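This is a predicted model, so every value here is computed, not measured. What's counted below: heavy atoms across the whole structure, side chains too, no hydrogens, waters or symmetry copies.
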Amino acid sequence: MDIRPILSTLLRHKTAAALIVLEIALSCAIVCNALFLIGNRLERMQRPTGLAENEIVRIRVNGIAQNKDAAAVTKTDLAALRGIPGVKSASATLQVPFGGSSWNSSARLGKDQKIPNLNLSTYMGGRDLFETLGLKLIAGRQFQPDEMLEWETLQAPGFEGNIPSVLITKAVADKLYPGQDPIGKGFYSWGDDPHRVIGVVDTLVRPNDNDGPAANGYSAIFPVNLTYESGNTYLLRVADPSRRDEIMKTALKVLESSGPTRIIPEDDAKTFETMRNEYYRQDRAMAWMLGVVIVALLVVTALGIVGLASFWVQQRTKQIGVRRALGATRGQILRYFQTENFLLATIGIVLGMLLAYAINQLLMGKYELPRLPLIYLPVGAALLWMLGQIAVYGPARKAASVPPAVATRSA
């Protein structure tokens, strides 16, 4: 189809054409970035944790006063928790993913290195923590009993010892020792002596998003036996996920019966899946909100196209009748308006793509978002092209159905 008559007509209606182009450009820019933000949020919510998520229960324990027998009480607690039918393992911990609290430490390859290689999240525990979290060891070994240190020892005045061994995640190993076998190598974090890497865990996420998404997997486990006072948290791993709530209630009763020296808030006892859902609540809300914005924007754009196309059909009734009288078929009239809309949409989409990248650059600077992937541009373009063709079809079909005699007479 010769597009010169279409271009000539559009030039005679510059204001209306410019408004549609501007509307499509803004829609394209906003839709592309909104789709990207939705994808970014969904990707964030689907990040693997490395844990047996559907089997873990968290119970918080708050001490009323300092207990000199905290270590003995903790051992008694854990023995009682492990004795509950359906409990596979139990452990005390400083922190848990999505739990709020976060212990962090820098990691340096050199003792006197001023700028650390990375900042990692510090977990403490032994085989019991490893089993309770359901971690996957991909290299090396777990801690031996003679490598375990007591929390009270580390906190004792004048302690000058060192934590000789450590488990790290694959993300930490790739960062510190790219292309190398990390087993047996050391780095500095706590104290003046290096920690020797004895094992590598596939994945263990940080409790929060410190240092951004790239550092999400930077975690390490140190061989320290904790007390309930140091970590305020017990973790249970159940054999049957369907019994988590039942076992959690039983565990609360077991801990409450051990004495009045602690506060065990029932409202803070949660399954890991509940903690994850609460942590990502805002991400889900933002994804839904952006989805509503996209739908509303597309509806407004479609209504604008329908309105303008209907107006132009009314204004060109005589022109349509003349073309029909000269032999133009209904299909040709229909294609005329669809081509016209396609040209307007294309100009708007090209401008919208440039605007989309400008908005993305602004978001990158303000909120540390990654660069807009190119895949979102053709997705947004295809969506708007399809929307334009659907929106213009009704008015175009109405124009194509006008009989030549009626069209010329109405003029």
Salt bridge (Lys or Arg N to Asp or Glu O under 4.0 Å) between E278 and R284, worked out: CA-CA 10 Å; E278 291 178 351; R284 286 194 302 275; over 6 Å; no

Partner set under ring pair (Phe, Tyr, Trp, His ring centres under 6.0 Å) for F36, not counting sequence neighbours: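 Applying ring pair (Phe, Tyr, Trp, His ring centres under 6.0 Å) to F36 gives Y376.
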
Ring pair (Phe, Tyr, Trp, His ring centres under 6.0 Å) involving F187 - partner list, sequence neighbours excluded: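 Result, ring pair (Phe, Tyr, Trp, His ring centres under 6.0 Å) vs F187: H195.
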
For [X], give me all partners under salt bridge (charged side-chain N to carboxylate O under 4.0 Å, His left out), at least two apart in sequence or on another chain.
| X | result |
| --- | --- |
| D268 | R58, R60 |
| D283 | R41, R44 |
| E150 | none |
| K88 | E55 |

Compile the donor-acceptor pairs under 3.5 Å between side chains in residues 286-306 and protein atoms, sequence neighbours left out, one pair per line.
{"unit_1": "T301", "atom_1": "OG1", "unit_2": "S27", "atom_2": "OG", "d": "2.6"}
{"unit_1": "T301", "atom_1": "OG1", "unit_2": "L297", "atom_2": "O", "d": "2.8"}

Side chains of [X] and [Y]: closer than 4.5 Å at any heavy-atom pair?
| X | Y | answer |
| --- | --- | --- |
| I20 | E23 | yes |
| F222 | L149 | no |
| L176 | L109 | yes |
| D192 | N162 | no |
| R244 | E273 | yes |

Residues which pass side chain to side chain contact (heavy atoms under 4.5 Å, CB included) with A139, listed by chain and number, not counting sequence neighbours: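 A139 satisfies side chain to side chain contact (heavy atoms under 4.5 Å, CB included) with I183, V200 only.
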
Side chain to side chain contact (heavy atoms under 4.5 Å, CB included) involving L377 - partner list, sequence neighbours excluded: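 Per chain and number, L377 pairs via side chain to side chain contact (heavy atoms under 4.5 Å, CB included) with C32, M353, A356, Y357, L372, L374.
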
Qualifying side-chain hydrogen bond (donor to acceptor under 3.5 Å, both in side chains) pairs, either residue in residues 169-185, two or more places apart: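 side-chain hydrogen bond (donor to acceptor under 3.5 Å, both in side chains) check on residues 169-185 returns K170-D174.
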
With W151 via side chain to side chain donor-acceptor pair (under 3.5 Å) - residues at least two apart: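 W151 satisfies side chain to side chain donor-acceptor pair (under 3.5 Å) with no other residue.
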
Side chain to side chain donor-acceptor pair (under 3.5 Å) evaluation trace for Y280 with R47: CA-CA 11 Å; Y280 288 126; R47 291 180 301 190; 3.2 Å; yes

May I ask you to decide whether [X] forms a salt bridge with [Y], counting only side-chain N to carboxylate O separations under 4.0 Å?
| X | Y | answer |
| --- | --- | --- |
| K253 | E256 | no |
| K249 | E266 | no |
| D77 | R82 | no |

Let me have the donor-acceptor pairs involving side chains of residues 91-98, under 3.5 Å, with sequence neighbours excluded, atom names and distances please.
{"unit_1": "T93", "atom_1": "OG1", "unit_2": "Q95", "atom_2": "N", "d": "3.3"}
{"unit_1": "T93", "atom_1": "OG1", "unit_2": "Q95", "atom_2": "O", "d": "2.7"}
{"unit_1": "Q95", "atom_1": "OE1", "unit_2": "W103", "atom_2": "N", "d": "2.5"}
{"unit_1": "Q95", "atom_1": "NE2", "unit_2": "S121", "atom_2": "OG", "d": "2.8"}
{"unit_1": "Q95", "atom_1": "NE2", "unit_2": "T122", "atom_2": "O", "d": "2.8"}

Full working for side-chain contact (heavy atoms from CB on, under 4.5 Å) between L236 and I59: CA-CA 8 Å; L236 308 179; I59 297 177; 4.2 Å; yes

Residues N117 and Y188: side-chain donor-acceptor under 3.5 angstrom: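 N117 vs Y188: no donor-acceptor pair found between side chains.
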
